[in-house]
Amino acid sequence: MRYSDTDRIYDELLLTRIQAGDRRAGERLAARWHPRLMRTAYRLLRDQEQARVAVQEAWIGICKGWLGLRKPSRFPAWAYRILHNKCADHIRTNQRDRKISETGIEVTTSAQGEDKVSVDQAFRQLTGEHRIAATLYFSEGLTLAEIAEVTSVPIGTAKSRIFHARKQLQAALSETTGIEGE
């Protein structure tokens with residue numbers, strides 16, 4: 001689902017109403033954004049429960065900060081930035097825990113026995129930087145400028161990450177389907 005201009009304007013209106021004290025506007029904005037944040041967190045963390053916790057933590061930050069957000073048009077990048085930080089915290093914790101409990105046996109989750117690689121599986125093969133850029137661009141419809149802001153990189157770097165992610169996704173999908181990318 002792409003993020004259309006109409007969606008952007010509606011979200012700006014909701015945020016303006018929230019800042020004016022309209023509690024129901026906050027509920028509407030949360031209802032609109034929760035699935036998007038969940039989808040993104042799951043793609044980054046690859047674990048449903050961790051994604052749920054990260055999104056819950058992100059909502060705490062979003063709700064605490066939305067009254068002070070000066071430009072409602074910045075909401076998408078701002079919300080994804082908060083989520084990105086929460087997911088990064090979970091990844092760091094997972095890495096630390098893995099190092100602490102290393103026993104020489106690596107626990108991994110295997111593919112579900114399917115012959116074809118799904119889009120989700122192809123996304124899992126991307127590096128962290130490429131995965132977040134591709135998720136925000138292809139799945140969430142953010143602009144290059146917004147992705148650069150979320151990931152704290154120059155626009156050129158965001159563009160390069162999307163380019164490389166696209167190539168890697170095409171390669172992963174063409175390996176299993178036999179369909180060549182463009």
Side-chain angles (χ1 to χ4, degrees), residues 1-12 14-15 29-59 61-62 72-91 94 109 111-112 114-182:
M1 177 170 113
R2 301 292 291 182
Y3 194 53
S4 70
D5 290 340
T6 304
D7 289 329
R8 286 179 192 276
I9 292 168
Y10 186 61
D11 289 342
E12 286 179 42
L14 288 174
L15 196 55
L29 190 67
R32 288 173 53 80
W33 274 83
H34 189 78
R36 299 181 82 168
L37 296 177
M38 276 299 297
R39 186 172 51 244
T40 300
Y42 180 75
R43 281 247 168 98
L44 295 175
L45 297 170
R46 296 176 279 184
D47 179 273
Q48 192 69 32
E49 181 59 21
Q50 286 189 15
R52 188 190 61 73
V53 171
V55 169
Q56 188 174 32
E57 292 169 353
W59 273 116
I62 291 167
S73 64
R74 310 274 301 167
F75 178 78
W78 178 75
Y80 280 120
R81 180 71 185 154
I82 292 170
L83 178 66
H84 179 263
N85 289 339
K86 297 302 178 186
C87 289
D89 291 345
H90 281 267
I91 290 168
N94 290 343
T109 56
Q112 300 164 354
E114 298 174 5
D115 292 335
K116 295 182 180 180
V117 174
S118 71
V119 172
D120 284 341
Q121 290 169 324
F123 264 87
R124 279 187 281 240
Q125 294 175 10
L126 298 174
T127 64
E129 294 93 10
H130 291 145
R131 189 178 320 117
I132 185 68
T135 298
L136 294 175
Y137 186 77
F138 297 118
S139 298
E140 302 306 325
L142 266 63
T143 65
L144 286 173
E146 289 169 330
I147 293 167
E149 182 179 337
V150 168
T151 58
S152 300
V153 298
I155 290 176
T157 301
K159 186 175 184 178
S160 173
R161 288 178 179 174
I162 291 166
F163 173 81
H164 291 290
R166 177 182 287 135
K167 291 296 182 192
Q168 290 171 7
L169 289 169
Q170 285 174 341
L173 293 171
S174 69
E175 282 177 17
T176 58
T177 62
I179 300 171
E180 290 297 317
E182 295 154 270

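Numbering starts at 1 and runs along the sequence shown.
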| query | Heavy atoms, side chains only, cut-off 4.5 Å: are Asp7 and Arg32 in contact? | reply | yes
| query | Which atom pair, heavy atoms only, marks the closest approach of Ala165 to Ala134? | reply | CB-CB, 3.8 Å
| remark: CD (Glu149) and NE2 (His84) are apart, to the nearest 0.5 Å, by 12.5 Å
| query | Between the side chains of Arg81 and Ser152, does any donor sit under 3.5 Å from an acceptor? | reply | yes
| request: For residues Pro72 and Leu15, report the shortest heavy-atom separation together with the two atoms involved. | output: CA-CD2, 3.6 Å
| Partner set under side chain to side chain donor-acceptor pair (under 3.5 Å) for Gln168, not counting sequence neighbours | none
| note | For Val55 and Ala41, the nearest pair of non-hydrogen atoms, with its separation, is CG2-CB, 3.7 Å
| remark: Residues passing the side-chain contact (heavy atoms from CB on, under 4.5 Å) test with Ala88, sequence neighbours excluded, are Arg92
| field | Residue pair Ala158 / Leu144: nearest heavy atoms and the distance that separates them | value | CB-O, 4.1 Å
| Would you say Thr135's side chain and Arg131's backbone share a donor-acceptor pair under 3.5 angstrom? | yes
| task | To the nearest 0.5 angstrom, please state how far the CD atom of Glu49 sits from the NE2 atom of His90. | result | 9.5 Å
| field | Distance in Å, Arg161 CZ paired with Tyr137 OH, rounded so as to fall on 0.5 Å steps | value | 16.0 Å
| query | Stepwise, does the side-chain contact (heavy atoms from CB on, under 4.5 Å) test hold for Ile62 with Trp78? | reply | CA-CA 8 Å; Ile62 291 167; Trp78 178 75; 3.8 Å; yes
| Under 4.0 Å between a Lys/Arg side-chain N and an Asp/Glu carboxylate O for Glu140 and Arg43? | no
| task | Measure from NZ or CZ of Arg36 to the centre of the six-membered ring of Trp33 and say whether it is under 6.0 Å with the direction within 45° of the ring axis. | result | yes
| query | Can you name the one residue among Thr151, Ile132, Leu136 that meets side chain to side chain contact (heavy atoms under 4.5 Å, CB included) with Tyr80? | reply | Leu136
| note | For Pro76 and Arg8, the nearest pair of non-hydrogen atoms, with its separation, is CG-NH1, 4.2 Å
| said: Determine whether Glu146 and Arg74 satisfy the following criterion, side-chain contact (heavy atoms from CB on, under 4.5 Å), listing intermediate values before the conclusion. | reply: CA-CA 8 Å; Glu146 289 169 330; Arg74 310 274 301 167; over 6 Å; no
| query | How many angstroms lie between atom SG of Cys87 and atom CD of Glu57, to the nearest 0.5 angstrom? | reply | 9.0 Å
| task | Go through the steps to decide whether Leu14 and Phe75 satisfy the test side-chain contact (heavy atoms from CB on, under 4.5 Å), and finish with yes or no. | result | CA-CA 11 Å; Leu14 288 174; Phe75 178 78; over 6 Å; no
| query | Step by step, would you call Phe123 with Leu126 a side-chain contact (heavy atoms from CB on, under 4.5 Å)? | reply | CA-CA 5 Å; Phe123 264 87; Leu126 298 174; 4.0 Å; yes
| query | What residues form a side-chain contact (heavy atoms from CB on, under 4.5 Å) with Ile9, not counting sequence neighbours? | reply | none
